[in-house]
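Down below is the structure, laid out as structure tokens.
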Amino acid sequence: MLNFTVGPVMANNEVLSIGGEQVPYFRTQEFSNIVLENEYLMKKFVNASDGSKVIFITGSGTASMEAVVMNTLTPKDKVIVIDGGSFGHRFTQLCEIHNIPYTAIKPQIGHPVTKDMLVPFIGKGYTGLLVNIHETSTGVHYDPQILGDFCKQEKLLYIIDAISSFLADPLDMQAIGADVIITGSQKVLACAPGISIIVLGDKALTRVYESQAKTMYFNLKEALKDAERGQTPFTPAVGIIRQINARLLQIDKSGGVNSEINNVKIQAEDFRNKIKGLPFQIVSKSLSNALTPLHPTTASAYDIFLKLKDNYGIWVCPNGGALKDAIFRVGHFGAQTTKENDILINALKDLKSEGII
Ligand SMILES: *Cc1c(COP(=O)(O)O)cnc(C)c1O
């Protein structure tokens, strides 16, 4: 199987072999050291302030999105949500469930948020902004600096879901003034799904310490207490935390975060060059390195997904809902090289010569 989806994706051999090992008992200094090292490397890779803290939640990315909404916001807040696709929409749903007043900004499909779109929100009593910095459903990467400057000017809590952008696009928490960064194990980290990660800056930590959130599993105040010594309140996905450790160390030793981002970029640019001449339009006006969203001009996107899967053993990422036939996505992360791109391109050329696309 060749996997060009947006997660889970193909893991490298070291990560894979950890998946085949016995899972160790975790209330030990040895496991604490792994968690603390993961925290150190996460902070380094997003350039978090020294006082920032990192929480490892056993749960997919949405679990951390919900934990952040519950522990850093209250019904006294009034937040802006960038709702540019299914992940942005998820933040609006979380705000509704947890009674957080919000206003959604809905950019057109494929379009980023511009400074002009923020003007109506100046001086209107907003207290926070939530964004999926790469809206994975449509492949739009929003400019973290534009949003960050606005948050700074308006004194908003700046919450970034960078689940599919971390390690694919530059993300400097201090430079952009982000208060929260969320990511997950199964995207560019290319580990098994099951762990999501929350980096909390100073302003967000104050909110967590003051939070009265009614929850046991998602109580970040409790999680922070245990995190001091590299532990979690409940049994974590121990094996995945070990996989994440292997991946973060690999990245650190082979040139660091910028070099990893560059690898993803090379993979994306190679693919985007090679699809020229095929009947596809790139949907997004502001691309992440993580993926390319394609609109096939001659066939159904979902049919292409099925043909590649069933006839070639190649997985691209289908879209759901209204975009099912209009868009499919090709991910550029995980253990893939330009050789794998060639295999996918050859399959697409095959489909073209057969008149399927
Ligand atoms: C993958 C992803 C998520 C999380 O989805 P889960 O299925 O809960 O892991 C959230 N936001 C974005 C932008 C994503 O790409």
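This one's a predicted model, so the numbers in the text were calculated from it and none came from an experiment. Index from 1, following the sequence. One-based numbering, in listed order, for ligands and for the atoms of each.
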If you compare all heavy atoms of G184 against all heavy atoms of I163, which two are closest, and at what distance to 0.1 Å?
N-CG2, 4.0 Å
Classify the angle between the aromatic ring planes of H134 and H141 as parallel (below 30°), tilted (30 to 60°) or perpendicular (above 60°).
tilted
Using atom types as modelled and distance alone, determine if a side-chain donor or acceptor of K53 lies under 3.5 Å from a backbone N or O of V199.
no
Closest protein heavy atom to atom 3 (C) of ligand 1, given as residue, atom name and distance to 0.1 Å
F87 CE2, 3.4 Å
Ranked by distance from atom 13 (C) of ligand 1, the top protein heavy atom is T136 OG1, 3.1 Å
If you measure only the distance, is there a donor-acceptor pair under 3.5 Å linking the side chains of T215 and N219?
no
Heavy-atom nearest neighbour in the protein, as seen from atom 6 (P) of ligand 1, with distance rounded to 0.1 Å
S60 OG, 3.4 Å
Centroid-to-centroid, Y217 to F234, below 6.0 Å?
yes
Look at atom 4 (C) of ligand 1 and find which of G194, S64, S165, G61 reaches it with the closest heavy atom.
G61
Where ligand 1 meets H134 - atom numbers and elements under 4.0 angstrom, heavy-atom basis
13 (C)
Options E66, R90, M65, ranked by nearest heavy atom to atom 5 (O) of ligand 1, top entry
R90
Between I163 and ligand 1, find which residue part has any heavy-atom pair under 4.0 Å and reply side chain, backbone, both or neither.
side chain
Tell me which protein heavy atom sits closest to atom 11 (N) of ligand 1, plus the residue, atom name and distance to 0.1 Å.
D161 OD2, 2.6 Å
Just checking, any donor-acceptor pair under 3.5 angstrom between side chains of Y126 and T103?
yes
Identify the protein heavy atom lying closest to atom 2 (C) of ligand 1, giving its residue, its atom name and the separation to 0.1 Å.
K187 NZ, 2.5 Å
Please list, in number order, the atoms of ligand 1 under 4.0 Å from a heavy atom of S164.
15 (O)
Lys NZ or Arg CZ of K265 over F271 ring: under 6.0 Å, within 45°:
no
Side-chain (D325) to main-chain (A301) donor-acceptor, under 3.5 angstrom:
no
Provide the number and element of each atom of ligand 1 under 4.0 Å from a heavy atom of Q186.
9 (O)
